[in-house]
Amino acid sequence: MERADFFDQVYQVVRLIPKGRVTSYGAIANYLGAKGSSRMVGYAMNDAGKVSPQVPAHRVVNRQGLLTGKFHFGGDTMQQLLAEEGVLVENDQVVNFKNLYWDPNIELAL
DNA sequence: GTTCTGACGGTGC
DNA sequence: AGCACCGCCAGAA
């Protein structure tokens, strides 16, 4: 069995997020089949800064497109990283979120 | 071993 | 339309 731990699965998907795109915790959880356990996804992101390679958790936002975990990045790091990729963030919220939304269930077409 | 929290989401009121 | 509560699963105290 692959040690495809739930956390590891999350990292894989997040790393597949194309530059300039964002996704939601629920979308990832849903893709992993853990629909409803979106909290686990966010919790997994807690280790995103210690796993290798670093997981672009800055591309993962909540359903509202709000950078809920920006505080965990240590300030506005998350917002700046997104800005570097062309994702405008205003008021801790992704601009044109629905337009930049990247759904693994669709893009990865499982 | 038990209890609580946690970077969310959906439904109910 | 906005606010509140409950539910999912796993790790940490």
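Being a predicted model, the structure only gives us computed values, none of them experimental. To find a chain, count down the sequence lines: A is the first, B the second, and so on, and within it residues start at 1.
Taking atom CZ on A/Phe7 and atom P on C/dC8, their separation rounds to 18 Å, with Å as the unit. The distance from atom CG of A/Leu32 to atom C1' of C/dA10 is 14 Å, rounded to the nearest whole Å. Whole-Å rounding puts the A/Tyr11 OH to B/dA7 P distance at 14 Å. The CD1 atom of A/Ile28 sits 14 Å away from the C1' atom of B/dG9 (whole-angstrom rounding). Rounded to an integer number of Å, the gap from A/Gln54 CD to B/dA7 P is 21 Å. We find that NZ of A/Lys50 is positioned 7 Å from P of C/dA12, with the value rounded to whole Å. Rounded to a whole Å, the CG atom of A/Asn46 is 20 Å from the P atom of C/dC9. Atoms CG (A/Asp47) and C1' (C/dG11) sit 9 Å apart, rounded to a whole Å.
The side chain of A/Phe73 lies closest to B/dA7 when the candidates are B/dC8, C/dA10, B/dA7. Between B/dC8, B/dA7, C/dC9, one nucleotide has an atom nearer to the side chain of A/Ala48 than all others, and that is B/dA7.
The shortest side-chain heavy-atom distance between A/Tyr25 and A/Val10 does not fall under the 4.5 Å cut-off. Contact check for A/Tyr101 versus A/Arg63: side-chain heavy atoms found under the 4.5 Å cut-off.
Residues A/Arg21 and A/Glu85 are not paired through a salt bridge, judged by the lack of any N-O separation under 4.0 Å between the basic side chain and the carboxylate.
Between the A/Thr23 side chain and the A/Trp102 main chain, a donor and an acceptor come within less than 3.5 Å of each other.
For A/Tyr11, there are no ring pair (Phe, Tyr, Trp, His ring centres under 6.0 Å) partners, not counting sequence neighbours. Listed by chain and number, the residues in a side chain to side chain contact (heavy atoms under 4.5 Å, CB included) with A/Leu88 are A/Val95 (sequence neighbours excluded). For A/Lys98, the side chain to side chain contact (heavy atoms under 4.5 Å, CB included) test picks out no residue, with sequence neighbours left out.
Residues of residues 38-45 of chain A having a heavy atom closer than 4.0 Å to DNA chain C, listed by number: A/Arg39, A/Met40, A/Tyr43. For residues 12-27 of chain A, proximity to DNA chain B is found at A/Ser24, A/Tyr25, A/Gly26, defined as any non-hydrogen atom under 4.0 angstrom from a strand atom.
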Contacts table for residues 71-82 of chain A: side-chain donor-acceptor under 3.5 angstrom, sequence neighbours left out:
{"from": "A/Thr77", "atom 1": "OG1", "to": "A/Gly74", "atom 2": "O", "distance (Å)": "3.2"}
{"from": "A/Gln79", "atom 1": "NE2", "to": "A/Val89", "atom 2": "O", "distance (Å)": "3.4"}

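Taking a 6.0 Å sphere around CD of A/Gln12, one finds it holds more than 12 heavy atoms contributed by other residues, nucleotides or ligands.
A/Phe71 comes within 4.0 angstrom of no nucleic acid atom, judged by non-hydrogen atoms across all strands.
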